[in-house]
Amino acid sequence: MRSKIIKEGLERVPHRALLYATGIPKTEMGKPFIGVATSFTDIIPGHIGMHDLERFIEKGIHTGGGYPFFFGIPGICDGIAMGHRGMHYSLPSRELIADSVETIAEAHQFDGLVLLTNCDKITPGMLMAAARVNIPSIVVTAGPMLSGHLKGKRLSLVNDTFEAVGKYKKGLITDEELEALEMCVCPGEGSCQGMYTANTMACVTEALGMSLEGCATALAVSSKKKRIAFGSGRRIVELIRKNITPRKMMTKGAFENAIMVDLALGGSTNTVLHILAIAHEAGVDLPLELFDGLSRKTPHICDMLPAGRHYLEDLDYAGGIPGVIKRLRDRLHDAITVSGKGIHEIADSAEITDEDVIRPLGKAYHKEGGIAVLRGNLAPEGAVVKQSAVSKDMMKFEGVARVFDSEEDAMKIILEGKINYGDVVVIRYEGPKGGPGMREMLSPTSAIVGMGLSDSVALVTDGRFSGGTRGPCIGHISPEAMEGGPIAIVRNGDRIRVDIPSRRIDLILSDKDIKERLSNWRPPDPKIKKGYLSRYAKMVSSAGKGAIMLK
């Protein structure tokens, strides 16, 4: 056990004295010391119920023969941080979370880790830390929220509140209806109800083999989730005794499994950033093209919100991620998981109870997976689109550029009703360096949808999109504007062509003209010049590499 280094030997008398000060009985000193990283906070709905899960994890660890030590990890609610200065901090917080877990685990020489997480950047940050520290680890995602209900209609946060802003501006809903939505859409604890980033990452975590089966979709309010928390606490002790570490599970095959499950679900484009970053920490080379190659041969079989009809609770009742794995079984690598079972064993024992929620491959909603990677003279190093959320008529689109150097500038014009049929809204200097922090553009995209323009207007950005985005929204444009990418020299009135089936995004301008404009381009002053974000901007890589912190 690693923890022997802090509790055995004459020279560790002071260390033992400090440990005894915590209240640990002498009888427990010989047991594995397990760090439980909890991201409990009062301000994130997905995390407010974690104290209950902490109790069940603790019970499981004691039952298994270990001794737990809880420590806190910071978390940000992307929904609350959305559309203002706070969103600059969201993606950068992923690196803080990874660094925090690494720091505490290494400083105290824990034998293993239980990682209690749920929301957008917290889950990938925990997984990055697990891969980096590489001691036995298991992830518990706290679970999705129940759907909201109003006058017989089911509700979800993104589709029914963010898009309501645009509807209200168009006069389609009243003050009373808006207030009723605010009060009813989020009935309690849990991550937002659709296949947005938090829930997509929970599903990716389970498919990667880092959570017990059923964990991703088990509802936050369920006794099932508590039993999974207990089982995870007990299982971590077994992982320590058998020395089963994250990198033994986070193989290239396991990452391919996770990507295929993500594609079958039609998950958030943010997972591209996060999977690349986790793989980097695990020492696995994943080229961006892998996502697109797998997408072309992985059918989209789950019609999930925001573009589809089904909620996470529907997916859970239909069979959860084991059910999706069952559908994809013959395409997946038989990687091991924290449960001790292989992926094929999980698939063979899974039961699907609703064939519309988890469709057979032959009756897929789309022949290709949810995410496509585009390239072209506007994005030489790649861009990402959630193609499963784009209507058939908008899979090919050409329009006139309306250029904005920040989300706020774009949002002002959108809400003034000055975006027209055939426009391509270009929002730049919002990438990892330029933002800094690569803000999500959920407010602009939701406003466009709410105003009825999703089938006539495209949005292109070097920022990123929420998992709740739908419509022809192309993000992660690389190189970003702040790095002198071609998006930096787009002008109002230029024409942009998007061809998702051909995986192209192009500025309709000659190579000579692009080269001339780039030769005259100079980077603007940084938007933020002090604190963590200033340091982050100087060290972060492009979106095409996962927006990781460079050495």
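In this chain, residues are counted from 1 in sequence order.
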Is the backbone N or O of [Y] less than 3.5 Å from a side-chain atom of [X], with the two atoms forming a donor-acceptor pair by type?
X: Gln387; Y: Gly369; answer: yes
X: Lys326; Y: Ala350; answer: yes
X: Ser339; Y: Lys341; answer: yes
X: Thr117; Y: Thr141; answer: no
X: Gln193; Y: Leu157; answer: yes
X: Asn199; Y: Gly194; answer: yes
X: His62; Y: Gly64; answer: no
X: Ser478; Y: His476; answer: yes
X: Glu313; Y: Ser147; answer: yes
X: Arg464; Y: Met438; answer: yes

- Do you know which of Glu440, His274, Arg439 makes side-chain contact (heavy atoms from CB on, under 4.5 Å) with Leu91?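 Single side-chain contact (heavy atoms from CB on, under 4.5 Å) partner of Leu91 among Glu440, His274, Arg439: His274.
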- side-chain contact (heavy atoms from CB on, under 4.5 Å) partner of Leu273, chosen from Asn270, Thr269, Leu276, Ile275: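 Of Asn270, Thr269, Leu276, Ile275, side-chain contact (heavy atoms from CB on, under 4.5 Å) with Leu273 is met by Asn270 alone.
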- Could you walk me through whether Ser466 and Asp78 pass the side chain to side chain contact (heavy atoms under 4.5 Å, CB included) test, one step at a time? CA-CA 9 Å; Ser466 161; Asp78 277 28; over 6 Å; no
- Message: One pair to check against salt bridge (Lys or Arg N to Asp or Glu O under 4.0 Å): Lys153 and Glu177. What are the steps and the verdict?
- Response: CA-CA 13 Å; Lys153 180 188 175 186; Glu177 288 171 323; over 6 Å; no
- Task: Could you give me the CA-CA distance, side-chain angles and deciding distance for Met82 and Ser443, then say whether side chain to side chain contact (heavy atoms under 4.5 Å, CB included) is met?
- Result: CA-CA 7 Å; Met82 193 73 64; Ser443 293; 3.7 Å; yes
Working to the nearest 0.5 angstrom, can you tell me the gap between [X] [atom1] and [Y] [atom2]?
X: Asn118; Y: Thr123; atom1: CG; atom2: OG1; value: 6.0 Å
X: Cys215; Y: Ile228; atom1: SG; atom2: CD1; value: 5.0 Å
X: Ile43; Y: Cys77; atom1: CD1; atom2: SG; value: 7.5 Å
X: Ser268; Y: Ile371; atom1: OG; atom2: CD1; value: 7.0 Å
X: Lys170; Y: Ile173; atom1: NZ; atom2: CD1; value: 13.0 Å
X: Leu127; Y: Ile278; atom1: CG; atom2: CD1; value: 4.5 Å

[X] to [Y] - nearest heavy-atom pair and separation:
X: Ile76; Y: Ile122; answer: N-CD1, 3.9 Å
X: Val373; Y: Asp292; answer: N-OD1, 3.1 Å
X: Ile321; Y: Ala216; answer: CG1-CB, 4.0 Å
X: Cys184; Y: Leu150; answer: SG-CD1, 3.8 Å
X: Leu239; Y: Ser137; answer: CD1-O, 3.9 Å

- Contacts of Tyr365 that satisfy ring-ring contact (aromatic ring centres under 6.0 Å, His included) - sequence neighbours left out: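 Per chain and number, Tyr365 pairs via ring-ring contact (aromatic ring centres under 6.0 Å, His included) with no residue.
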- Task: Could you check Ile61 against Val36 for side chain to side chain contact (heavy atoms under 4.5 Å, CB included), going step by step and ending with a plain yes or no?
- Result: CA-CA 10 Å; Ile61 291 172; Val36 183; 3.7 Å; yes
Any carboxylate oxygen within less than 4.0 angstrom of a Lys/Arg side-chain nitrogen, looking at [X] and [Y]?
X: Arg327; Y: Glu355; result: yes
X: Glu238; Y: Arg241; result: no
X: Glu281; Y: Arg94; result: no
X: Asp348; Y: Arg329; result: yes

- Any side-chain donor-acceptor pair under 3.5 Å between Glu213 and Thr337?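 The criterion, which ignores hydrogens and geometry beyond distance, is not satisfied for Thr337 and Glu213.
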- His47 and Ser39: side chain donor to acceptor below 3.5 Å: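 Side-chain D/A pair, His47 to Ser39: present.
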Just so I know, are the side chains of [X] and [Y] near enough to count as touching, which here means a heavy-atom distance under 4.5 Å?
X: Pro501; Y: Lys396; answer: yes
X: Leu115; Y: Met210; answer: no
X: Leu442; Y: Thr469; answer: yes
X: Leu219; Y: Lys224; answer: no
X: Pro299; Y: Arg331; answer: yes
X: Met50; Y: Glu189; answer: no
X: Ile301; Y: Ile358; answer: yes
X: Phe397; Y: Val424; answer: yes

- Item | Name of the residue among Thr271, Thr200, Thr298 meeting side-chain hydrogen bond (donor to acceptor under 3.5 Å, both in side chains) with Asp262 |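 Per the side-chain hydrogen bond (donor to acceptor under 3.5 Å, both in side chains) rule, the option paired with Asp262 is Thr271, out of Thr271, Thr200, Thr298.
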- Query: What pairs with Ser446 under side-chain hydrogen bond (donor to acceptor under 3.5 Å, both in side chains), at least two apart in sequence or on another chain?
  - Reply: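 Ser446 satisfies side-chain hydrogen bond (donor to acceptor under 3.5 Å, both in side chains) with no other residue.
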- Task: Please determine if Lys59 forms a cation-pi arrangement with Phe56, meaning its NZ or CZ atom is less than 6.0 Å from the six-membered ring centre and no more than 45° off the ring axis.
- Result: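 Yes, a cation-pi geometry.
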Residues in salt bridge (charged side-chain N to carboxylate O under 4.0 Å, His left out) with [X], at least two apart?
X: Glu206; result: none
X: Glu58; result: none
X: Arg375; result: Glu289
X: Arg359; result: Asp356

Under 6.0 Å from the [atom1] atom of [X], do we count more than 12 heavy atoms belonging to anything else shown?
X: Arg309; atom1: CZ; result: yes
X: Lys226; atom1: NZ; result: yes
X: Lys169; atom1: NZ; result: no

- Task: Show your reasoning for whether side chain to side chain contact (heavy atoms under 4.5 Å, CB included) applies to Tyr317 and Thr217.
- Result: CA-CA 9 Å; Tyr317 300 146; Thr217 60; over 6 Å; no
